[in-house]
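Presented below is the structure to which this report refers.
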Protein chains: 2
Amino acid sequence: MLSQKTRYAMVALTRLAREYGQGAMLISELAKSERLPQRFLENILLELKKMGILGSKLGKSGGYFLLRHPKDVNLAEIVRQFEGPIALLSCVSEKAYQSCEFCKDETACNIRKVFKEIRDLTFEKLENATLEELIREHAHGVLGG
Amino acid sequence: MLSQKTRYAMVALTRLAREYGQGAMLISELAKSERLPQRFLENILLELKKMGILGSKLGKSGGYFLLRHPKDVNLAEIVRQFEGPIALLSCVSEKAYQSCEFCKDETACNIRKVFKEIRDLTFEKLENATLEELIREHAHGVLGG
DNA sequence: ACTATGTTCACCATTTTAGTGTACATTTGT
DNA sequence: ACAAATGTACACTAAAATGGTGAACATAGT
């Protein structure tokens, strides 16, 4: 299961995506309106700023805002940052690969095959999940789900 | 990422699946030959026994053995037991569903849609990964992956 | 009875999670 | 220049999860 931190990050980002182009939003307002713990949220927003996803302004009428276009931020990047590798086994991770301590021959390992398929499918779904997609209403039409 | 416990369970099970029908295997032999920490493995085997997957025999020539046919044990069951829910968000979990604290309308939530798809694909892959599949050599043929 | 095995249950150290406390730096309005 | 409103930095903490270990016990076979 995803950590609270990751969930809060996704909630905050989708909200800031909805406000995209409308200037900065106060942490306090974001926290209150999305029901996020403010002090914890501060850490998260800072981390997103360091990733180059958010910008901030100090002083009166300051706050946070999305730097990139919502179509240029996807969940794969967010999940990697806050959860670590997308893969369930390091032997199938792209960014954090480590050879398996049990396999003599990884290419022949069927456990690995299963988790490689899961990783690839998961990554694809997360990568296609841009903030633009996430804030779109009726994303796949009312009929046909 | 999966915990060590889950990984050890998968290694132990695939080994016991290879020995299926050949009587009991000593914990010590299993631990040594698969390079698993014996004392930790004991806990894991006991848990698998309580799940009804393994049987055991005490005394001389005792040990553990697979109770069910390898085709009747799959990774979904194992992962659920040792990792908890397969879903990454509880709002898309089948066995551990909890309503989302952020959504007014879950059916309209696009974040949820993404993680529901990921859960369903992951579950399907894990469910199809029976021990029989996992110990099969050249599971999908040498050509064509 | 003896020995080889699994069983039970409590315990432990380390890491991760989900935050909080306190002080500081920057910008804006007056 | 100054005050107020904001974000920034970094250390700290409580609770839970992870990855085990210790010690005594129960049972089966010889």
Side-chain angles (χ1 to χ4, degrees), chain A residues 1-12 16 23-32 34-67 79-85 88-90 96 101-102, chain B residues 1-12 16 23-32 34-67 79-85 88-90 96 101-102:
Chain A
M1 306 268 287
L2 298 183
S3 65
Q4 292 286 68
K5 203 172 183 183
T6 307
R7 297 175 60 218
Y8 294 163
M10 294 192 300
V11 171
L16 290 172
M25 184 174 194
L26 290 181
I27 298 181
S28 55
E29 192 190 336
L30 181 54
K32 195 176 174 193
E34 300 294 331
R35 289 182 287 182
L36 303 167
Q38 175 163 346
R39 292 298 318 280
F40 195 23
L41 179 61
E42 288 173 16
N43 301 337
I44 294 168
L45 295 176
L46 213 46
E47 207 166 333
L48 289 166
K49 180 183 175 178
K50 283 175 183 155
M51 292 170 71
I53 291 176
L54 298 182
S56 65
K57 264 182 67 184
L58 287 178
K60 214 158 199 168
S61 79
Y64 275 96
F65 50 90
L66 197 60
L67 271 182
V79 168
R80 272 219 185 95
Q81 177 70 26
F82 291 97
E83 291 292 312
L88 292 173
L89 295 175
S90 34
E101 64 202 284
F102 299 115
Chain B
M1 305 267 290
L2 299 183
S3 65
Q4 292 284 69
K5 203 171 183 183
T6 306
R7 297 174 60 219
Y8 294 163
M10 294 191 300
V11 170
L16 290 172
M25 185 175 194
L26 291 180
I27 297 181
S28 56
E29 192 191 337
L30 181 54
K32 192 175 174 192
E34 299 294 331
R35 289 182 289 181
L36 302 168
Q38 175 164 345
R39 292 299 317 282
F40 196 23
L41 178 61
E42 288 173 16
N43 302 336
I44 294 168
L45 295 176
L46 213 45
E47 208 166 334
L48 289 166
K49 180 183 176 179
K50 284 173 183 158
M51 293 171 69
I53 292 176
L54 298 182
S56 66
K57 265 182 67 182
L58 287 177
K60 212 158 201 167
S61 80
Y64 275 96
F65 51 91
L66 198 59
L67 270 182
V79 168
R80 271 218 186 94
Q81 176 72 23
F82 291 98
E83 292 291 312
L88 293 173
L89 295 175
S90 33
E101 64 202 284
F102 298 116

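In what follows, every chain begins at residue 1, and chains take the letters A, B, ... in the order their sequences are listed.
Across all strands shown, L45(B) has no heavy atoms under 4.0 Å from either base or sugar-phosphate atoms. When heavy atoms are screened at a 4.0 angstrom cut-off, F82(B) is found touching no nucleic acid atom at all.
Rounding to whole angstrom units, CZ of residue F65(B) and C1' of dG6(C) are separated by 12 Å. Residue F40(B) contributes atom CZ, which lies 14 Å from atom C1' of dA13(C) at whole-angstrom precision. Rounded to an integer number of Å, the gap from CD of E29(A) to C1' of dA5(D) is 15 Å. Between the CD atom of E42(B) and the C1' atom of dG20(D) there is a distance of 12 Å, rounded to whole Å. Atom CD of Q4(A) is separated from atom C1' of dT16(C) by 14 Å (rounded to the nearest Å). Rounded to whole Å, atom P of dT18(D) lies 12 Å from atom CD of E47(B). In this structure, L16(B) places its CG atom 11 Å from P of dG6(C), rounding to the nearest Å. Protein atom CZ of R39(A) is 15 Å distant from nucleotide atom P of dC12(D), rounded to whole Å.
Using a 4.5 Å heavy-atom threshold, the side chains of F82(B) and I44(B) count as touching. I53(B) places a side-chain heavy atom less than 4.5 Å from the side chain of L66(B). Contact annotation: the side chain of M51(B) approaches that of L48(B) to within less than 4.5 Å [non-hydrogen atoms, C-beta and beyond].
For the pair S56(A) and L2(B), both in contact range of DNA chain D, the more 5′-proximal nearest nucleotide belongs to S56(A).
The L46(B) side chain lies nearest to dT7(C) when the options are dT7(C), dT8(D), dG19(C). In the set dC10(D), dG6(C), dG19(D), dC10(D) carries the atom at the smallest distance from any side-chain atom of N43(A).
Within the 4.0 Å cut-off from OP1 or OP2 of dG20(D), at least one side-chain nitrogen or oxygen of Y8(B) is found. Neither OP1 nor OP2 of dT16(C) sits under 4.0 Å from any side-chain N or O of K5(A).
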Give the C-alpha distance, both sets of side-chain angles, the deciding distance and a yes or no for side chain to side chain contact (heavy atoms under 4.5 Å, CB included) between Y8(A) and E34(A). CA-CA 9 Å; Y8(A) 294 163; E34(A) 300 294 331; over 6 Å; no
L45(A) and L30(A): CA distance, side-chain angles, deciding distance, side chain to side chain contact (heavy atoms under 4.5 Å, CB included) verdict: CA-CA 11 Å; L45(A) 295 176; L30(A) 181 54; 4.1 Å; yes
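Between E47(B) and K50(B), none of the side-chain N atoms (NZ, or NE/NH1/NH2) sits under 4.0 Å from a carboxylate O, so this pair counts as no salt bridge.
Side-chain contact check for E83(A) and S3(A): at least one donor-acceptor pair (N or O, by modelled atom type) lies under 3.5 Å.
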Summarise protein proximity over nucleotides 25-30 of chain C in one line of letters, 5' to 3': B for base, S for sugar-phosphate only, - for none, counting protein heavy atoms closer than 4.0 Å. -BBSS-
